[in-house]
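Input: a single structure, listed below in structure tokens.
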Amino acid sequence: MSSTLTRPAPAGDAIRDTVAPRRRTRILALPEARWAAVSLVLFLVALPLYLLDAPAWAWGPLLALTYASGGWEPGWAGFQALKEKVLDVDLLMVVAALGAAAIGQVLDGALLIVIFATSGALEAIATARTADSVRGLLDLAPATATRLGDDGAEESVPSERLAVGDVILVRPGERIGADGRVLDGASEVDQATITGEPLPAPKEGGDEVFAGTLNGTGALRVKVERDPSESVIARIVAMVEEASETKAPTQLFIEKVEQRYSVGMVAATVALFALPLLFGAALQPTLLRAMTFMIVASPCAVVLATMPPLLSAIANAGRHGVLVKSAVVMEQLGQVDAVALDKTGTLTEGTPRVTDVRPLDSSGLDEDALLRYAAAAEHPSEHPLARAIVDAARSRNLDIPLVEDFTSAPGVGVIATVEGRAVAVGSPARLTDGRTGHPAAAVAARLEDEGRTAVLVEVEGAPVGVLGVADRLREEAAAAVTALKVLTGRAPVLVTGDNPRAAARLASEAEITDVRAGLLPQDKVTAVRELEQAGRRVLVVGDGVNDAPALAAAHTGIAMGRAGSDLALQSADAVVVRDELATIPAVVALSRRARRLVVQNLVIAGTFITGLVIWDLAGTLPLPLGVAGHEGSTVIVGLNGLRLLTDSAWHRARSGNGQ
């Protein structure tokens with residue numbers, strides 16, 4: 001093996017300095033929040049001066065600055081929209097405030113500006129929190145990689161600076177920094193979510209490896225074959241940052257109605273002003289009534305009803321490890337009424353454990369003695385199978401003797417001297433060289449038929465027993481299945497490519513009764529479509545390339561993303577970054593709560609608008625009360641939506657109280 005693979009890494013302090021962790025956006029870093037704060041402070045300083053009848057020169061400039069600081073940004077945005085022949089409610093609010101000032105209601109107009117600017121700042125904060133939550137969680141790929149020069153010199157560089165054709169060194173225990181192909185070296189790589197297998201895959205020269213997957217005990221030299229911008233981490237960053245730019249169907253419908261409503265409202269305002277004048281009404285009270293009508297009838301609260309709850313839910317879910325791609329997805333998640341779960345890497349951890357200890361009759365060993373020999377030989381190894389065997393021995397409180405002459409061959413097994421005896425532990429096919437009639441062959445075959453991975457143990461070249469190792473069901477799997485059953489009204493379906501016996505065994509542990517095993521990727525799509533033809537809105541949860549077609553075909557798809565395949569992450573509508581299965585029912589419950597808050601907001605906005613309009617038309621609504629009522633309803637709606645930003649909202653959803 002080349003000496004390049006064993007050379008120590010450079011310090012790389014300069015590189016670490018360039019990849020400092022992102023911090024949460026400060027509220028005052030947002031221009032909307034700064035202008036709203038300035039406007040509020042100016043108003044609060046001017047208010048007592050105005051109420052105490054101070055000279056106009058004392059409070060007048062302050063209120064003028066209140067108008068300018070709080071109104072220039074929405075006014076400019078509204079003017080730009082008007083140039084595109086779109087009537088924006090922001091512009092209407094600024095016009096209404098200026099109209100109030102024109103007829104002597106300077107303080108009322110300033111109050112309108114302050115509350116309107118505050119509601120805009122609240123929406124900006126919700127959007128910023130969404131982006132912060134996403135960026136703070138993206139740790140799927142290493143920040144740096146060790147790039148090798150033509151002369152073998154090592155250089156630590158940010159992973160995003162790698163280019164196609166670069167050669168990188170991946171040491172034991174490191175994550176691979178880019179998609180590529182092994183040039184030399186041998187190791188095992190944990191890439192369960194790509195291959196669909198729970199055990200690490202042996203890698204040697206010519207084999208393909210993927211960004212974000214975890215290298216095992218060997219060192220690898222890898223040639224980069226795909227630009228880092230196309231890797232798992234880059235795609236997740238892009239897809240989630242786009243979430244705040246998307247609009248849910250409810251929001252799109254509201255905005256479509258808003259244009260027609262706004263035009264009608266302006267026409268009604270003009271009529272309410274012009275018609276009384278034709279019949280001899282006084283100018284000032286007529287204009288005041290018309291301006292009050294335009295303020296209270298504006299659909300600001302209705303427009304703000306939808307996005308804050310959905311954006312807040314996206315931000316909260318992102319902060320707890322679920323990246324939702326868009327507001328459309330967040331709204332759709334609350335509609336699902338059937339769930340299809342993949343097995344390996346989704347319902348299971350991809351972490352093996354010893355399930356069977358089978359000493360051969362001819363060995364003279366009992367279970368503990370067999371496991372003791374195997375654990376001693378495997379103890380120096382870092383392979384997941386080795387860890388499973390050692391953990392099994394420790395769980396039985398067995399003493400594990402020290403070994404000598406330990407050697408490891410990736411994909412084959414280990415050989416070591418234990419208490420003076422040569423012990424080999426590894427793949428039955430590799431250790432027996434495929435010999436027929438081997439004493440352990442029948443035992444290994446039975447274990448493999450039951451969905452286990454068989455591990456052969458030999459002492460002094462003679463087989464002494466076989467261990468059965470199986471993937472580990474996630475601790476929260478049964479609870480997550482139960483929660484999904486409560487949410488959707490029916491138990492989830494298990495769809496897997498594994499053999500029926502292995503699938504049935506695991507499904508029984510997870511309390512799943514509907515098991516569809518031995519499925520190819522196209523068969524999973526067929527299963528999803530059968531559920532949809534029965535009138536169900538199906539949520540598919542998977543992790544690998546073989547799950548991507550079903551994720552794309554479903555009403556909503558969620559990918560397990562700690563080391564998820566690029567295709568699965570791209571096909572899914574949401575990604576569980578930390579692979580916590582319990583977050584899936586939580587995000588569904590959170591979506592349902594967001595949908596309820598949208599309905600609440602629409603009811604609140606509609607009630608305020610209707611009540612204030614009737615009051616203004618049937619009686620005399622004072623402008624300050626109209627401003628307070630209308631903009632107060634806008635703030636209430638915004639704050640109601642932001643309730644989903646709190647950790648308590650997530651905990652209620654996860655505990656089942658957020659349904």
With a 4.5 Å heavy-atom cut-off, do [X] and [Y] have their side chains touching?
X: Q600; Y: R595; result: no
X: L365; Y: Y373; result: yes
X: L519; Y: T496; result: no
X: L456; Y: V443; result: no
X: T355; Y: V469; result: no
X: D207; Y: V189; result: no
X: P359; Y: D366; result: no
X: V495; Y: L341; result: no

message: With salt bridge (Lys or Arg N to Asp or Glu O under 4.0 Å) as the criterion, how do D399 and R372 come out once you've worked through the C-alpha distance, each side chain's angles and the decisive distance to 0.1 Å?
response: CA-CA 7 Å; D399 67 294; R372 182 173 176 271; 3.2 Å; yes
- request: Using a cut-off of 6.0 Å, state whether more than 12 heavy atoms not belonging to E475 lie near its atom CD.
  value: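 12 or below, so no.
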In Å and rounded to the nearest 0.5 Å, what is the [atom1] to [atom2] distance from [X] to [Y]?
X: E378; Y: L467; atom1: CD; atom2: CG; answer: 9.0 Å
X: Q332; Y: D573; atom1: CD; atom2: CG; answer: 6.5 Å
X: T217; Y: E188; atom1: OG1; atom2: CD; answer: 4.0 Å
X: R652; Y: T646; atom1: CZ; atom2: OG1; answer: 5.5 Å
X: H379; Y: R387; atom1: NE2; atom2: CZ; answer: 12.5 Å
X: E174; Y: L220; atom1: CD; atom2: CG; answer: 10.0 Å

query: Is there a side chain to side chain contact (heavy atoms under 4.5 Å, CB included) between K343 and T348 once you walk through the steps?
result: CA-CA 6 Å; K343 173 182 165 288; T348 66; 4.2 Å; yes
query: What residues form a side chain to side chain contact (heavy atoms under 4.5 Å, CB included) with R396, not counting sequence neighbours?
result: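 Listed in chain order: V357, E367, D368, L371, L398.
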message: Run L639 and R643 through side chain to side chain contact (heavy atoms under 4.5 Å, CB included) and show every step you take.
response: CA-CA 6 Å; L639 292 176; R643 288 164 54 195; over 6 Å; no
Does any N or O in the side chain of [X] come within less than 3.5 Å of the main-chain N or O of [Y], such that one atom is a donor and the other an acceptor?
X: R358; Y: V466; value: no
X: T556; Y: L539; value: no
X: D514; Y: V493; value: no
X: K485; Y: P492; value: no
X: S312; Y: L644; value: no
X: E511; Y: A478; value: no

Electrostatic pair [X]:[Y] at N-O distance under 4.0 angstrom:
X: E331; Y: R592; value: no
X: K524; Y: D342; value: yes
X: E580; Y: R654; value: yes

Which heavy atom in [X] sits nearest to a heavy atom in [Y], and how many Å separate them?
X: V170; Y: N215; answer: O-ND2, 3.4 Å
X: V322; Y: W650; answer: CG2-CH2, 4.2 Å
X: A510; Y: L473; answer: N-CD2, 4.1 Å
X: S187; Y: G218; answer: OG-N, 3.0 Å
X: V515; Y: A503; answer: CG1-CB, 3.8 Å
X: L551; Y: G542; answer: CD2-N, 4.0 Å

Polar side chain donor-acceptor pair, D647 to H651, under 3.5 angstrom: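 No donor-acceptor contact under 3.5 Å links the two side chains.
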- prompt: Judged by modelled atom types alone, do T488 and D337 share a side-chain donor-acceptor pair under 3.5 Å?
  reply: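 No donor-acceptor contact under 3.5 Å links the two side chains.
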Which residue is it: [options]? I am looking for the one with a side-chain contact (heavy atoms from CB on, under 4.5 Å) to [X].
X: V336; options: V538, L487, V588; answer: V588
X: T346; options: V541, L494, I584; answer: V541
X: R490; options: V339, L531, L484; answer: L531

field: side-chain hydrogen bond (donor to acceptor under 3.5 Å, both in side chains) partners for S381, two or more places apart
entry: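 Scan of S381 (side-chain hydrogen bond (donor to acceptor under 3.5 Å, both in side chains), adjacent residues dropped) gives none.
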- request: Run the numbers on V587 and L333 for side chain to side chain contact (heavy atoms under 4.5 Å, CB included), then give the verdict.
  value: CA-CA 8 Å; V587 76; L333 278 168; 4.2 Å; yes
